Amino acid sequence: MPEPLAPELFRSRSTPALARALLGKWLVRVSPDGVVHRHRIVEVEAYHGGADRACHANRGKTARTSVMFEPGGVWYVYLCYGMHEMLNLVTGPAEFPAAVLIRGVEGISGPGRVTKALAVGRALNGAAAAPASGLYLADDGLRVPRALIRATPRIGVDYAGPVWAAKPWRFFYDPSELVVRPGRRRARSGNTPA
DNA sequence: TACTCGATCGGA
DNA sequence: CCGATCGAGTAA
């Protein structure tokens with residue numbers, strides 16, 4: 001059974017490290033009728049602090065970005081291009097504006113498609129990433145091997161200038177690479193076939 | 001109050 | 001390649 005991630009995790013590490021750590025975790029959505037859907041996170045981006053020119057909080061605390069200054073563990077949802085909701089997890093300690101953009105879950109590529117598929121909108125902006133809000137993160141023990149994780153510059157942030165646009169803070173992996181191959185054996189204890 | 005421009009997507 | 005679509009941010 002996947003367990004909800006503890007909020008302390010979201011405040012402990014730098015945003016790029018945290019973004020990597022979210023790969024392979026479940027994004028769990030509880031629908032209004034109580035049905036629980038789990039989606040494996042496969043692609044994320046890190047936005048790290050007021051100095052990061054790609055980060056919305058680069059120009060300081062405003063009505064929209066104030067949620068990014070909260071302690072890690074709440075959602076930051078905003079409207080992009082007038083029609084797409086973007087889902088971010090606020091990270092870091094209080095007053096350090098940072099977040100991880102959820103760009104893709106297994107079977108769904110693109111941040112706008114993720115929110116559309118999960119019915120996530122700005123009503124969740126500022127809500128806790130906890131079961132009570134109906135949208136949270138969970139861990140079933142899967143560890144994505146470091147070697148499978150690829151890092152590239154973030155998408156659509158050329159406005160940030162060459163230095164910040166080039167930061168390799170987009171992380172993703174191909175979940176099909178996790179499949180156990182013939183001739184190899186998953187290293188787990190117990191239930192060894194006779 | 002006017003004006004600009006997106007952390008995107010789907011269709012020519 | 002281009003248009004959709006709208007609210008935050010900025011300047012005035």
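Fair warning: this is a prediction, and the values are worked out from it, not measured in the lab. Order of the sequence lines fixes the chain letters, A, B, ..., with proteins taken first and strands second; residue numbering starts at 1 for each chain.
Residue whose closest nucleotide on DNA chain B sits further toward the 5' end, between A:Ala54 and A:Lys116: A:Ala54. Comparing A:His84 and A:Arg122 along DNA chain C, the residue whose closest nucleotide (by nearest heavy atom) sits nearer the 5' end is A:His84.
If you check C:dT5 for Watson-Crick or wobble pairing at under 3.5 angstrom, you find it has no partner at all. Under the Watson-Crick or G-U wobble criterion, with both distances below 3.5 Å, B:dA7 is left unpaired in every strand shown.
Atoms CD1 (A:Ile108) and P (B:dC9) sit 12 Å apart, rounded to a whole Å. Atom P of nucleotide C:dA8 and atom CG of A:Asn58 are separated by 19 Å, given to the nearest angstrom. Atom pair A:Glu85:CD and C:dG7:P shows a separation of 10 Å (rounding to whole Å applied). Rounded to whole Å, atom P of C:dA8 lies 17 Å from atom CZ of A:Arg59. When rounded to the nearest whole Å, the span between NE2 of A:His48 and C1' of B:dA7 equals 17 Å. What separates CE of A:Met68 from P of C:dG9 is a distance of 11 Å, to the nearest Å. Spacing between atom OH of A:Tyr81 and atom C1' of B:dT4 amounts to 13 Å, rounded to whole angstrom units. Per the geometry, OH belonging to A:Tyr78 stands 12 Å off P belonging to C:dG9, to the nearest Å.
Residue A:Arg170 is out of contact with every strand shown, counting any heavy-atom pair closer than 4.0 Å. Within 4.0 Å of A:Ile155, counting heavy atoms only, lie sugar-phosphate atoms of the nucleic acid but no base atom. A:Ala160 comes within 4.0 angstrom of no nucleic acid atom, judged by non-hydrogen atoms across all strands. Counting any heavy atom pair closer than 4.0 Å across all strands shown, A:Met86 reaches sugar-phosphate atoms only and no base atom. Contacts of A:Arg64 with the nucleic acid, taken as non-hydrogen atoms under 4.0 Å apart, involve only primed sugar atoms and P, OP1 or OP2.
Side-chain atoms of A:His56 stay outside donor-acceptor range of the base of C:dA8, with no qualifying N/O pair under 3.5 Å.
Atom CG of residue A:Leu137 and atom CH2 of residue A:Trp26 lie 12.5 Å apart, to the nearest 0.5 angstrom. Here the CZ-CZ distance, from A:Arg122 to A:Arg64, works out to 11.0 Å after rounding to the nearest 0.5 Å.
For A:Asn88, counting side-chain heavy atoms from C-beta on, the closest listed nucleotide (C:dG7, C:dG9, B:dA7) is B:dA7. Picking from B:dG6, C:dA8, B:dG10 the nucleotide with the shortest atom distance to the side chain of A:Cys80 gives B:dG6. Picking from C:dA4, C:dG9, C:dG7 the nucleotide with the shortest atom distance to the side chain of A:Thr65 gives C:dG9.
Side chains of A:Trp75 and A:Asn88: no donor on one and acceptor on the other come within 3.5 Å.
Here the closest non-hydrogen pair linking A:Thr91 and A:Ala99 is OG1-N, 3.6 Å.
For A:Arg53 and A:Trp164, the positive end is not near the middle of the six-membered ring at less than 6.0 Å and at most 45° from its axis. The cationic atom of A:Arg150 (NZ for Lys, CZ for Arg) does not lie both less than 6.0 Å from the six-membered ring centre of A:Phe171 and within 45° of the ring axis.
Here A:Thr62 reaches the OP1 or OP2 of C:dG9: one of its side-chain N or O atoms lies under 4.0 Å away. For B:dA7, the OP1/OP2 oxygens have a side-chain nitrogen or oxygen of A:Tyr159 closer than 4.0 Å.
The gap from the P atom of B:dA2 to that of C:dT5 amounts to 22 Å, rounded to the nearest Å.
In this structure, the aromatic ring of A:Tyr47 is positioned over the six-membered ring of the base of B:dA7, centres within 5.5 Å and planes within 30°.
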